[in-house]
Amino acid sequence: MGVGQHAVAAELAQAASVPQAAASVTEAPTPWQIRLRGLGVITEDSGFVNAVPSSDLSYSNTVTPELDISYFFTDNIAAELILGTTYANIEGQGTIGGLGNIGKVWLLPPTLTLQYHFTNFGAFKPYVGAGVNYTIFYNEDVGSADALKLKNTFGTALQVGFDYMVDQHWGVNFDVKKLFLKPDFDVTVDGTKLTGKAELDPWLIGAGVTYRF
């Protein structure tokens with residue numbers, strides 16, 4: 001009977017330890033991840049009006065919030081959709097410097113990148129990416145111009161950044177993207193209709209928080 005009592009006690013102790021062991025198991029994260037960043041948009045000051053020699057353009061830099069949504073196909077490969085909107089004031093330079101502020105335009109540049117994530121650095125998780133964006137221009141306001149219209153256009157994107165994960169779900173993020181964006185535009189100044197190209201090519205420099213579901 002003593003042997004039987006010891007066996008029963010051992011089974012009860014093992015059964016009691018099972019919930020504790022199960023509770024200690026951490027569920028694997030899902031493939032979905034979001035980030036919220038503060039984003040600095042730094043444009044290249046370049047562009048021209050067709051048929052106006054030595055014309056040039058410059059654009060204002062801005063700060064704006066940005067949301068991105070990522071899906072991990074594997075631990076290393078992910079796709080990221082970047083969402084945010086901002087504006088640019090357009091200034092005449094060179095031979096059209098006398099125009100001053102030509103106008104203001106809002107832009108929505110959703111960007112999709114395919115990324116490679118390096119996973120052999122522990123909590124530090126760097127990544128690189130490349131992709132495509134489609135920029136939508138809206139709410140154009142004129143300054144010295146009579147009318148202004150920027151044409152929606154495709155562009156390409158390069159990306160580098162890192163997440164530093166504080167725990168399984170939360171982390172901090174730093175990210176730099178380069179968009180190659182050169183939309184055509186139509187402008188009317190003093191009743192004369194002209195065309196040109198705005199070579200924006202912005203740097204997008206962001207920092208924020210990461211959440212992995």
Side-chain angles (χ1 to χ4, degrees), residues 35-68 80-115 126-162 173-189 193-208:
R35 298 188 187 94
L36 181 63
R37 302 187 185 102
L39 189 70
V41 182
I42 304 172
T43 58
E44 299 283 344
D45 290 329
S46 185
F48 55 87
V49 176
N50 294 324
V52 181
S54 301
S55 58
D56 203 355
L57 299 169
S58 67
Y59 320 97
S60 59
N61 300 324
T62 58
V63 176
T64 187
E66 179 205 67
L67 172 70
D68 78 57
E80 180 187 73
L81 178 63
I82 303 153
L83 300 171
T85 188
T86 189
Y87 67 88
N89 285 302
I90 305 171
E91 303 283 335
Q93 300 290 329
T95 55
I96 59 172
L99 293 176
N101 179 259
I102 296 170
K104 175 181 176 181
V105 61
W106 283 82
L107 56 151
L108 175 68
T111 303
L112 181 65
T113 61
L114 185 65
Q115 303 169 331
Y127 57 86
V128 295
V132 64
N133 95 301
Y134 183 72
T135 299
I136 300 166
F137 297 94
Y138 65 99
N139 282 3
E140 290 98 337
D141 292 323
V142 294
S144 58
D146 303 323
L148 175 66
K149 178 63 179 178
L150 277 82
K151 299 180 180 180
N152 301 341
T153 187
F154 283 98
T156 56
L158 297 176
Q159 178 183 36
V160 62
F162 69 85
N173 174 261
F174 181 76
D175 183 272
V176 177
K177 290 180 285 291
K178 176 68 172 180
L179 301 187
F180 298 92
L181 183 61
K182 297 179 172 62
D184 295 320
F185 64 85
D186 297 324
V187 64
T188 302
V189 179
K193 294 182 179 180
L194 300 165
T195 61
K197 188 177 290 290
E199 298 180 354
L200 297 167
D201 291 345
W203 288 94
L204 309 181
I205 303 173

Who pairs with S144 by side chain to side chain contact (heavy atoms under 4.5 Å, CB included), at least two apart in sequence or on another chain?
L99, I102
Should E44 and E199 count as side-chain neighbours, where that means a heavy-atom distance under 4.5 Å?
no
For G84 and P109, which heavy atoms make the closest approach, and how far apart are they?
O-CD, 3.1 Å
Test side-chain contact (heavy atoms from CB on, under 4.5 Å) on Y127 and N173; report intermediate values, then the result.
CA-CA 11 Å; Y127 57 86; N173 174 261; 3.1 Å; yes
Applying ring pair (Phe, Tyr, Trp, His ring centres under 6.0 Å) to F48 and not counting sequence neighbours gives none
Minimum heavy-atom separation for P110 and L83, please, with both atom names.
CB-CD2, 4.1 Å
Heavy-atom check, side chain of N101 versus side chain of E91, under 4.5 Å
yes
Does a side-chain N-to-carboxylate-O contact under 4.0 Å join R35 and D68?
yes
SB check K182 D201 (cutoff 4.0 Å):
yes
Heavy-atom closest pair, residues A157 and L179
CB-CD2, 3.4 Å
My understanding is that only residues two or more places apart in sequence, or in another chain, count here; which of them pass side chain to side chain contact (heavy atoms under 4.5 Å, CB included) with P126?
F118, F121, F124, F162
Side chains of residues 132-142: which donor-acceptor pairs under 3.5 Å do they make with residues two or more places apart or in other chains?
unit_1 : atom_1 : unit_2 : atom_2 : d
N133   : OD1    : G155   : N      : 3.3
N133   : ND2    : T135   : OG1    : 2.7
Y138   : OH     : T85    : OG1    : 2.7
E140   : OE2    : L150   : N      : 3.3

Are I82 and K177 side-chain neighbours, meaning at least one heavy-atom pair lies under 4.5 Å?
yes
Point-to-point distance, once rounded to the nearest 0.5 Å, from NZ of K104 to CG of L148:
13.0 Å
Taking all non-hydrogen atoms of both residues, which atom of V187 and which atom of A145 are closest, and how far apart?
CG2-CB, 3.7 Å
Quick one: CG on N50 to OG1 on T195, what's the gap to the nearest 0.5 Å?
3.5 Å
Sequence neighbours left out, what passes side chain to side chain contact (heavy atoms under 4.5 Å, CB included) with V176? Give chain and number order.
V160, F174, W203, I205
Does T64 have any side chain to side chain donor-acceptor pair (under 3.5 Å) partners at least two apart in sequence or in another chain, and if so, which?
none
